[in-house]
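In what follows, a structure is listed as C-alpha coordinates, so that the remarks can point back to it.
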Amino acid sequence: MKKSSRCVHAGSGMETHARGINTPIHTSSAFRYLDDDSQPYPRYFNTPNQAAVVEKLCQLESAEAGLLFGSGMAAISTCLLSHLSAGDHVVLQDQLYGGTFNLVMKEFERLGIDFTLAPSDAQSILTATRDNTRAIYLESPTNPLLTVVDLQRVAEGAAGRGILTLVDNTFASPINQNPRLLGIDLVLHSGTKYLAGHSDLSCGVALGSREVIDRVRASALNLGGCLNATDAYLLERSLKTLALRVLRQSDNAAQLARFLLGQEVVAAVYYPGLESHPTHGIARKQMSGYGAMLGFELKPGGVNPERFLRKLDMITPALSLGGVESTVCVPATTSHRHLSPKQRQTMGVADGLLRLSVGIEDVEDLQADILQALAG
Ligand SMILES: *Cc1c(COP(=O)(O)O)cnc(C)c1O
(Lines give C-alpha, C1' and ligand atoms only; values in the text may rest on other atoms or scores of the structure.)
Protein backbone atom coordinates (compact mmCIF):
# COMPACT_ATOMS: atom_id res chain seq x y z
CA MET A 1 0.00 0.00 0.00
CA LYS A 2 1.07 3.58 -0.59
CA LYS A 3 0.72 6.25 2.09
CA SER A 4 -2.83 7.53 1.52
CA SER A 5 -4.12 3.94 1.54
CA ARG A 6 -2.14 3.14 4.68
CA CYS A 7 -3.69 6.16 6.41
CA VAL A 8 -7.14 4.74 5.75
CA HIS A 9 -6.63 1.00 6.10
CA ALA A 10 -3.57 0.05 8.17
CA GLY A 11 -4.52 -1.17 11.64
CA SER A 12 -8.18 -0.25 11.23
CA GLY A 13 -11.25 -2.35 10.46
CA MET A 14 -10.44 -5.17 12.83
CA GLU A 15 -13.86 -5.31 14.50
CA THR A 16 -15.29 -8.82 14.08
CA HIS A 17 -18.18 -8.90 16.54
CA ALA A 18 -20.75 -6.84 14.56
CA ARG A 19 -18.61 -6.42 11.41
CA GLY A 20 -18.55 -2.63 11.74
CA ILE A 21 -15.87 -1.08 9.56
CA ASN A 22 -14.54 1.17 12.32
CA THR A 23 -12.53 0.19 15.38
CA PRO A 24 -14.91 0.26 18.38
CA ILE A 25 -13.86 2.28 21.42
CA HIS A 26 -13.02 -0.26 24.10
CA THR A 27 -13.93 1.63 27.25
CA SER A 28 -12.70 -1.11 29.60
CA SER A 29 -9.63 -0.63 31.73
CA ALA A 30 -10.08 -4.17 33.04
CA PHE A 31 -10.06 -7.24 30.76
CA ARG A 32 -10.81 -10.89 31.66
CA TYR A 33 -7.41 -12.55 31.58
CA LEU A 34 -7.97 -16.28 31.76
CA ASP A 35 -8.53 -16.90 28.06
CA ASP A 36 -5.19 -15.78 26.67
CA ASP A 37 -2.01 -14.18 27.97
CA SER A 38 -2.41 -10.69 26.44
CA GLN A 39 -3.58 -9.00 29.69
CA PRO A 40 -4.50 -5.58 28.25
CA TYR A 41 -4.33 -2.56 30.57
CA PRO A 42 -4.07 1.13 29.49
CA ARG A 43 -0.76 1.80 31.20
CA TYR A 44 0.74 -1.37 29.72
CA PHE A 45 0.28 0.27 26.30
CA ASN A 46 -1.49 -2.82 24.94
CA THR A 47 -5.22 -2.09 24.70
CA PRO A 48 -7.07 -2.69 21.39
CA ASN A 49 -7.48 1.04 20.65
CA GLN A 50 -3.81 1.75 21.34
CA ALA A 51 -2.79 -1.22 19.18
CA ALA A 52 -4.90 -0.12 16.19
CA VAL A 53 -3.32 3.35 16.07
CA VAL A 54 0.20 2.08 16.66
CA GLU A 55 -0.17 -0.36 13.75
CA LYS A 56 -1.27 2.48 11.44
CA LEU A 57 1.60 4.73 12.56
CA CYS A 58 4.17 1.93 12.27
CA GLN A 59 3.18 1.44 8.66
CA LEU A 60 3.41 5.19 8.01
CA GLU A 61 6.86 5.56 9.62
CA SER A 62 8.41 2.19 8.63
CA ALA A 63 8.67 1.12 12.27
CA GLU A 64 8.24 -2.30 13.92
CA ALA A 65 6.71 -1.09 17.16
CA GLY A 66 5.45 2.00 18.89
CA LEU A 67 3.87 3.56 21.97
CA LEU A 68 1.09 6.12 22.29
CA PHE A 69 1.36 8.82 24.94
CA GLY A 70 -0.91 11.47 26.40
CA SER A 71 1.22 14.30 24.95
CA GLY A 72 4.23 14.88 22.75
CA MET A 73 6.30 15.78 25.81
CA ALA A 74 5.35 12.47 27.50
CA ALA A 75 6.73 10.64 24.44
CA ILE A 76 9.90 12.76 24.33
CA SER A 77 10.67 12.64 28.06
CA THR A 78 9.96 8.90 28.35
CA CYS A 79 12.17 8.04 25.37
CA LEU A 80 15.08 10.14 26.62
CA LEU A 81 14.79 9.06 30.27
CA SER A 82 14.50 5.38 29.31
CA HIS A 83 17.89 5.52 27.59
CA LEU A 84 19.89 8.00 29.70
CA SER A 85 21.45 7.63 33.14
CA ALA A 86 23.54 9.87 35.39
CA GLY A 87 26.96 10.37 33.81
CA ASP A 88 25.68 9.91 30.26
CA HIS A 89 26.00 12.66 27.66
CA VAL A 90 23.43 13.66 25.04
CA VAL A 91 23.76 16.03 22.06
CA LEU A 92 20.72 18.11 21.15
CA GLN A 93 20.19 20.97 18.72
CA ASP A 94 20.22 24.51 20.05
CA GLN A 95 17.01 25.20 18.10
CA LEU A 96 14.69 22.96 20.11
CA TYR A 97 10.97 22.98 20.73
CA GLY A 98 10.46 25.04 23.94
CA GLY A 99 9.10 22.12 26.00
CA THR A 100 12.05 19.91 25.08
CA PHE A 101 14.47 22.75 25.85
CA ASN A 102 12.89 23.12 29.31
CA LEU A 103 13.03 19.36 29.93
CA VAL A 104 16.76 19.45 29.30
CA MET A 105 17.45 22.63 31.26
CA LYS A 106 15.21 21.90 34.26
CA GLU A 107 15.42 18.10 34.66
CA PHE A 108 18.64 16.77 33.08
CA GLU A 109 21.02 18.84 35.18
CA ARG A 110 19.28 17.70 38.37
CA LEU A 111 19.51 14.06 37.24
CA GLY A 112 23.22 14.30 36.39
CA ILE A 113 22.70 13.83 32.65
CA ASP A 114 25.28 15.86 30.74
CA PHE A 115 24.29 17.61 27.51
CA THR A 116 25.57 19.79 24.67
CA LEU A 117 23.35 22.04 22.56
CA ALA A 118 24.85 22.14 19.06
CA PRO A 119 23.94 24.21 15.97
CA SER A 120 21.43 22.54 13.64
CA ASP A 121 23.80 20.99 11.11
CA ALA A 122 25.12 17.42 10.89
CA GLN A 123 28.79 18.39 11.18
CA SER A 124 28.34 20.44 14.37
CA ILE A 125 26.14 17.78 15.92
CA LEU A 126 28.63 14.98 15.28
CA THR A 127 31.55 17.13 16.42
CA ALA A 128 29.76 17.64 19.76
CA THR A 129 29.67 13.90 20.54
CA ARG A 130 32.03 12.39 23.14
CA ASP A 131 33.00 8.93 24.35
CA ASN A 132 30.09 8.90 26.82
CA THR A 133 27.49 10.25 24.34
CA ARG A 134 24.49 7.90 24.47
CA ALA A 135 21.94 9.82 22.40
CA ILE A 136 21.61 12.42 19.66
CA TYR A 137 18.30 14.26 19.65
CA LEU A 138 17.24 16.08 16.47
CA GLU A 139 14.36 18.19 15.18
CA SER A 140 13.95 18.76 11.47
CA PRO A 141 12.65 21.08 10.13
CA THR A 142 13.23 23.31 13.16
CA ASN A 143 10.99 25.87 14.77
CA PRO A 144 10.65 28.66 13.59
CA LEU A 145 13.23 29.02 10.77
CA LEU A 146 12.58 25.60 9.21
CA THR A 147 16.24 24.57 9.16
CA VAL A 148 16.60 21.05 7.78
CA VAL A 149 19.25 18.74 9.27
CA ASP A 150 20.88 15.98 7.20
CA LEU A 151 19.45 13.03 9.14
CA GLN A 152 21.24 10.35 7.16
CA ARG A 153 24.61 11.95 7.78
CA VAL A 154 23.97 12.11 11.52
CA ALA A 155 22.69 8.50 11.58
CA GLU A 156 25.81 7.31 9.74
CA GLY A 157 28.09 9.26 12.06
CA ALA A 158 26.41 7.75 15.13
CA ALA A 159 26.30 4.17 13.84
CA GLY A 160 28.31 1.56 15.72
CA ARG A 161 29.10 3.90 18.63
CA GLY A 162 26.26 2.92 20.98
CA ILE A 163 24.49 6.22 20.32
CA LEU A 164 20.70 6.22 20.03
CA THR A 165 19.43 8.68 17.39
CA LEU A 166 16.03 10.34 17.92
CA VAL A 167 14.14 12.69 15.63
CA ASP A 168 11.17 14.85 16.55
CA ASN A 169 9.34 14.55 13.20
CA THR A 170 6.35 16.70 14.23
CA PHE A 171 6.86 19.55 11.71
CA ALA A 172 7.33 17.29 8.68
CA SER A 173 4.69 14.65 9.59
CA PRO A 174 5.06 11.06 8.31
CA ILE A 175 3.69 12.20 4.95
CA ASN A 176 6.66 14.44 4.14
CA GLN A 177 9.56 12.72 5.94
CA ASN A 178 10.38 9.26 7.29
CA PRO A 179 13.54 9.42 9.46
CA ARG A 180 13.61 5.62 9.94
CA LEU A 181 14.34 5.22 6.23
CA LEU A 182 17.36 7.50 6.73
CA GLY A 183 18.77 5.31 9.51
CA ILE A 184 17.30 7.06 12.58
CA ASP A 185 16.44 4.80 15.56
CA LEU A 186 13.47 6.53 17.17
CA VAL A 187 10.85 8.77 15.58
CA LEU A 188 8.76 11.01 17.83
CA HIS A 189 5.68 13.08 17.15
CA SER A 190 3.61 15.52 19.06
CA GLY A 191 0.40 13.91 17.80
CA THR A 192 -1.36 17.04 19.05
CA LYS A 193 -0.29 18.70 15.77
CA TYR A 194 -0.60 17.11 12.29
CA LEU A 195 -1.47 13.56 13.37
CA ALA A 196 -4.59 14.72 15.25
CA GLY A 197 -4.90 17.70 12.93
CA HIS A 198 -8.03 19.37 14.32
CA SER A 199 -6.63 21.25 17.32
CA ASP A 200 -8.78 19.22 19.72
CA LEU A 201 -6.56 16.42 20.99
CA SER A 202 -3.38 16.00 23.05
CA CYS A 203 -1.23 12.96 22.28
CA GLY A 204 2.27 11.80 21.41
CA VAL A 205 3.93 8.83 19.78
CA ALA A 206 7.29 7.03 19.72
CA LEU A 207 8.13 4.60 16.89
CA GLY A 208 11.15 2.39 16.29
CA SER A 209 12.51 -1.15 16.22
CA ARG A 210 10.96 -3.72 18.55
CA GLU A 211 14.16 -3.79 20.61
CA VAL A 212 14.33 -0.02 21.18
CA ILE A 213 10.60 0.29 21.86
CA ASP A 214 10.76 -2.60 24.36
CA ARG A 215 13.31 -0.61 26.32
CA VAL A 216 11.20 2.55 26.16
CA ARG A 217 8.13 0.55 27.23
CA ALA A 218 9.93 -0.78 30.31
CA SER A 219 10.33 2.82 31.56
CA ALA A 220 6.97 3.97 30.18
CA LEU A 221 5.15 1.48 32.43
CA ASN A 222 6.71 3.21 35.42
CA LEU A 223 6.36 6.78 34.16
CA GLY A 224 2.72 6.19 33.18
CA GLY A 225 2.10 8.63 30.31
CA CYS A 226 -0.32 6.42 28.30
CA LEU A 227 -3.17 7.61 26.04
CA ASN A 228 -6.82 6.78 26.85
CA ALA A 229 -9.11 4.76 24.56
CA THR A 230 -11.38 7.62 23.44
CA ASP A 231 -8.46 9.81 22.42
CA ALA A 232 -6.74 6.86 20.74
CA TYR A 233 -9.90 6.36 18.70
CA LEU A 234 -10.06 10.08 17.81
CA LEU A 235 -6.44 9.89 16.69
CA GLU A 236 -7.17 6.82 14.55
CA ARG A 237 -10.06 8.71 12.94
CA SER A 238 -7.84 11.73 12.26
CA LEU A 239 -5.09 9.62 10.74
CA LYS A 240 -7.41 8.42 7.99
CA THR A 241 -7.26 11.91 6.48
CA LEU A 242 -3.62 12.64 7.37
CA ALA A 243 -2.26 12.35 3.82
CA LEU A 244 -5.19 14.29 2.37
CA ARG A 245 -4.75 17.11 4.88
CA VAL A 246 -0.96 17.34 4.85
CA LEU A 247 -0.68 17.24 1.05
CA ARG A 248 -3.20 20.09 0.76
CA GLN A 249 -1.55 22.03 3.60
CA SER A 250 1.92 21.61 2.09
CA ASP A 251 0.64 22.70 -1.31
CA ASN A 252 -0.99 25.79 0.22
CA ALA A 253 2.23 26.58 2.12
CA ALA A 254 4.36 26.37 -1.03
CA GLN A 255 2.02 28.81 -2.78
CA LEU A 256 1.95 31.17 0.20
CA ALA A 257 5.75 31.13 0.46
CA ARG A 258 6.07 32.36 -3.13
CA PHE A 259 3.26 34.85 -2.62
CA LEU A 260 4.96 36.30 0.49
CA LEU A 261 8.30 36.56 -1.34
CA GLY A 262 6.60 39.00 -3.71
CA GLN A 263 5.36 41.35 -0.97
CA GLU A 264 7.17 44.69 -0.62
CA VAL A 265 6.92 44.75 3.22
CA VAL A 266 8.34 41.23 3.66
CA ALA A 267 12.10 41.08 4.33
CA ALA A 268 12.57 37.28 4.18
CA VAL A 269 10.62 34.05 3.78
CA TYR A 270 11.75 30.79 5.41
CA TYR A 271 10.33 27.73 3.68
CA PRO A 272 12.43 24.61 2.90
CA GLY A 273 10.77 24.32 -0.51
CA LEU A 274 12.19 27.67 -1.68
CA GLU A 275 15.46 27.45 -3.59
CA SER A 276 16.59 30.44 -1.52
CA HIS A 277 16.25 28.55 1.79
CA PRO A 278 19.74 27.80 3.23
CA THR A 279 18.95 24.06 3.65
CA HIS A 280 16.79 23.57 0.55
CA GLY A 281 19.30 21.06 -0.88
CA ILE A 282 19.05 18.76 2.16
CA ALA A 283 15.26 19.10 2.21
CA ARG A 284 15.06 18.11 -1.46
CA LYS A 285 17.15 15.02 -0.73
CA GLN A 286 15.39 13.73 2.40
CA MET A 287 11.80 15.03 2.31
CA SER A 288 9.06 13.95 -0.09
CA GLY A 289 7.26 17.26 0.52
CA TYR A 290 8.36 20.47 2.21
CA GLY A 291 5.66 20.70 4.87
CA ALA A 292 3.12 23.32 5.83
CA MET A 293 5.09 25.45 8.30
CA LEU A 294 6.71 28.67 7.13
CA GLY A 295 8.32 31.74 8.62
CA PHE A 296 8.32 35.25 7.21
CA GLU A 297 9.91 38.40 8.46
CA LEU A 298 8.36 41.84 8.22
CA LYS A 299 10.75 44.67 7.40
CA PRO A 300 11.70 46.67 10.52
CA GLY A 301 9.87 50.00 10.65
CA GLY A 302 7.18 48.73 8.27
CA VAL A 303 4.11 46.75 9.25
CA ASN A 304 3.92 46.13 13.02
CA PRO A 305 3.67 42.36 13.69
CA GLU A 306 1.16 42.57 16.57
CA ARG A 307 -1.02 44.95 14.56
CA PHE A 308 -0.85 42.55 11.61
CA LEU A 309 -2.11 39.71 13.85
CA ARG A 310 -5.04 41.83 15.08
CA LYS A 311 -6.04 42.73 11.54
CA LEU A 312 -6.22 39.12 10.30
CA ASP A 313 -9.79 37.85 9.85
CA MET A 314 -9.44 34.19 8.95
CA ILE A 315 -5.93 33.24 10.06
CA THR A 316 -5.99 32.88 13.86
CA PRO A 317 -3.16 33.99 16.16
CA ALA A 318 -2.59 30.75 18.12
CA LEU A 319 0.39 28.92 19.57
CA SER A 320 -0.26 25.38 18.42
CA LEU A 321 0.12 24.20 14.84
CA GLY A 322 -0.77 21.48 12.37
CA GLY A 323 -4.54 21.95 12.45
CA VAL A 324 -6.87 22.21 9.46
CA GLU A 325 -7.19 25.93 10.24
CA SER A 326 -4.33 28.33 9.52
CA THR A 327 -2.71 29.81 12.62
CA VAL A 328 0.06 32.32 13.13
CA CYS A 329 2.29 33.53 15.96
CA VAL A 330 5.18 35.89 16.67
CA PRO A 331 7.99 33.67 18.09
CA ALA A 332 9.81 36.62 19.73
CA THR A 333 6.83 37.24 22.04
CA THR A 334 5.66 33.62 22.44
CA SER A 335 7.76 30.46 21.94
CA HIS A 336 11.09 32.34 22.13
CA ARG A 337 10.10 34.90 24.78
CA HIS A 338 12.30 33.18 27.42
CA LEU A 339 15.45 34.04 25.45
CA SER A 340 17.30 37.36 25.65
CA PRO A 341 17.10 39.70 22.61
CA LYS A 342 20.78 38.88 22.01
CA GLN A 343 20.14 35.11 22.04
CA ARG A 344 17.20 35.55 19.66
CA GLN A 345 19.34 37.63 17.34
CA THR A 346 22.04 34.93 17.32
CA MET A 347 19.40 32.33 16.43
CA GLY A 348 18.01 34.54 13.66
CA VAL A 349 14.65 35.05 15.35
CA ALA A 350 13.90 38.71 14.54
CA ASP A 351 11.19 40.71 16.34
CA GLY A 352 9.33 40.94 13.01
CA LEU A 353 9.39 37.18 12.36
CA LEU A 354 6.00 35.46 12.03
CA ARG A 355 5.46 31.69 12.07
CA LEU A 356 2.60 30.45 9.96
CA SER A 357 0.97 27.01 10.24
CA VAL A 358 -0.88 26.70 6.96
CA GLY A 359 -4.28 24.98 6.97
CA ILE A 360 -6.49 23.38 4.35
CA GLU A 361 -8.47 26.51 3.41
CA ASP A 362 -8.60 27.86 -0.16
CA VAL A 363 -5.23 29.48 -0.74
CA GLU A 364 -6.86 32.50 -2.42
CA ASP A 365 -8.70 33.26 0.83
CA LEU A 366 -5.49 32.97 2.83
CA GLN A 367 -3.71 35.33 0.44
CA ALA A 368 -6.57 37.82 0.58
CA ASP A 369 -6.53 37.78 4.38
CA ILE A 370 -2.77 38.37 4.50
CA LEU A 371 -3.00 41.15 1.92
CA GLN A 372 -5.71 43.08 3.76
CA ALA A 373 -3.87 42.74 7.07
CA LEU A 374 -0.58 43.93 5.54
CA ALA A 375 -2.35 46.86 3.89
CA GLY A 376 -3.89 47.95 7.20
C1 LIG B 1 4.04 20.75 20.25
C2 LIG B 1 5.37 20.14 20.04
C3 LIG B 1 5.92 19.27 20.99
C4 LIG B 1 5.24 18.95 22.30
O5 LIG B 1 4.03 18.28 22.12
P6 LIG B 1 2.82 18.35 23.19
O7 LIG B 1 1.79 17.47 22.57
O8 LIG B 1 2.42 19.78 23.34
O9 LIG B 1 3.35 17.80 24.48
C10 LIG B 1 7.15 18.71 20.71
N11 LIG B 1 7.82 19.01 19.58
C12 LIG B 1 7.33 19.84 18.66
C13 LIG B 1 8.12 20.12 17.43
C14 LIG B 1 6.09 20.45 18.84
O15 LIG B 1 5.60 21.29 17.92
Side-chain angles (χ1 to χ4, degrees), residues 53 57 68-77 95-103 139-146 167-177 187-206 225 227-228 230-232 234-239 241-242 244-250 252-253 256 270-271 290-296 305-306 308-310 312-339 349 353-361 366 369-370 373:
V53 186
L57 285 165
L68 276 189
F69 295 87
S71 71
M73 282 315 303
I76 293 165
S77 59
Q95 294 181 44
L96 280 179
Y97 172 72
T100 311
F101 181 79
N102 287 336
L103 169 73
E139 250 173 66
S140 182
T142 62
N143 178 34
L145 297 174
L146 292 311
V167 169
D168 180 338
N169 203 28
T170 301
F171 268 37
S173 94
I175 303 305
N176 288 320
Q177 181 171 273
V187 178
L188 305 161
H189 284 277
S190 167
T192 313
K193 317 296 167 54
Y194 289 102
L195 302 186
H198 295 72
S199 309
D200 60 357
L201 185 58
S202 168
C203 55
V205 58
L227 189 68
N228 67 73
T230 312
D231 285 352
L234 281 174
L235 178 58
E236 184 185 338
R237 191 182 201 272
S238 289
L239 287 173
T241 58
L242 179 69
L244 200 60
R245 287 185 277 111
V246 170
L247 291 172
R248 167 66 171 247
Q249 285 170 283
S250 306
N252 276 354
L256 279 187
Y270 300 92
Y271 183 66
Y290 299 109
M293 299 299 299
L294 66 85
F296 67 100
E306 300 292 339
F308 171 74
L309 293 196
R310 286 181 194 286
L312 287 166
D313 286 326
M314 191 163 82
I315 304 171
T316 311
L319 289 192
S320 197
L321 60 106
V324 290
E325 59 289 289
S326 295
T327 56
V328 63
C329 71
V330 177
T333 59
T334 56
S335 56
H336 291 64
R337 187 178 50 186
H338 61 284
L339 300 173
V349 178
L353 180 73
L354 291 128
R355 188 197 74 183
L356 196 54
S357 167
V358 182
I360 63 169
E361 300 95 335
L366 295 172
D369 197 22
I370 291 170

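The chain is numbered in sequence order, starting from 1.
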Are any side-chain N or O atoms of [X] and backbone N or O atoms of [Y], one a donor and one an acceptor, separated by less than 3.5 Å?
X      : Y      : answer
His198 : Ala196 : yes
Arg245 : Leu195 : yes
Gln249 : Val358 : yes

Heavy-atom pair with the smallest gap, counting every atom of Tyr270 and Leu146: O-CD2, 3.7 Å
[Y] and [X], any side-chain heavy atoms less than 4.5 Å apart:
X      : Y      : answer
Gln95  : Glu139 : no
Asp231 : Cys203 : no
Thr170 : Asn143 : no

Contacts table for residues 321-331: side-chain donor-acceptor under 3.5 angstrom, sequence neighbours left out:
| residue | atom | partner | partner atom | Å |
| --- | --- | --- | --- | --- |
| Glu325 | OE2 | Ser199 | OG | 2.8 |
| Ser326 | OG | Gly359 | N | 2.8 |
| Ser326 | OG | Glu361 | OE1 | 2.9 |
| Thr327 | OG1 | Ser320 | O | 3.4 |

Walk me through whether Glu306 and Thr333 qualify under side-chain contact (heavy atoms from CB on, under 4.5 Å). CA-CA 10 Å; Glu306 300 292 339; Thr333 59; 3.3 Å; yes
Return the set of residues passing side chain to side chain contact (heavy atoms under 4.5 Å, CB included) with [X] (not counting sequence neighbours), or none when no residue passes.
X      : answer
Asp369 : Leu312, Asp313, Met314, Ile315, Gln372
Ser140 : Val148, Val149, Leu151, Gln177, Gln286
Ala232 : Asn49, Val53, Leu68, Leu227
Ser173 : Ile175, Asn176, Tyr194, Val246

With sequence neighbours excluded, tell me which residues meet salt bridge (Lys or Arg N to Asp or Glu O under 4.0 Å) with Arg248. Asp362
Parallel under 30°, tilted from 30 to 60°, perpendicular over 60°: which one fits the rings of Phe308 and Phe296?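 Perpendicular, since the angle between the ring planes exceeds 60°.
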When you look at Leu366 and Leu356, which way does the side-chain contact (heavy atoms from CB on, under 4.5 Å) test go after all the steps? CA-CA 11 Å; Leu366 295 172; Leu356 196 54; over 6 Å; no
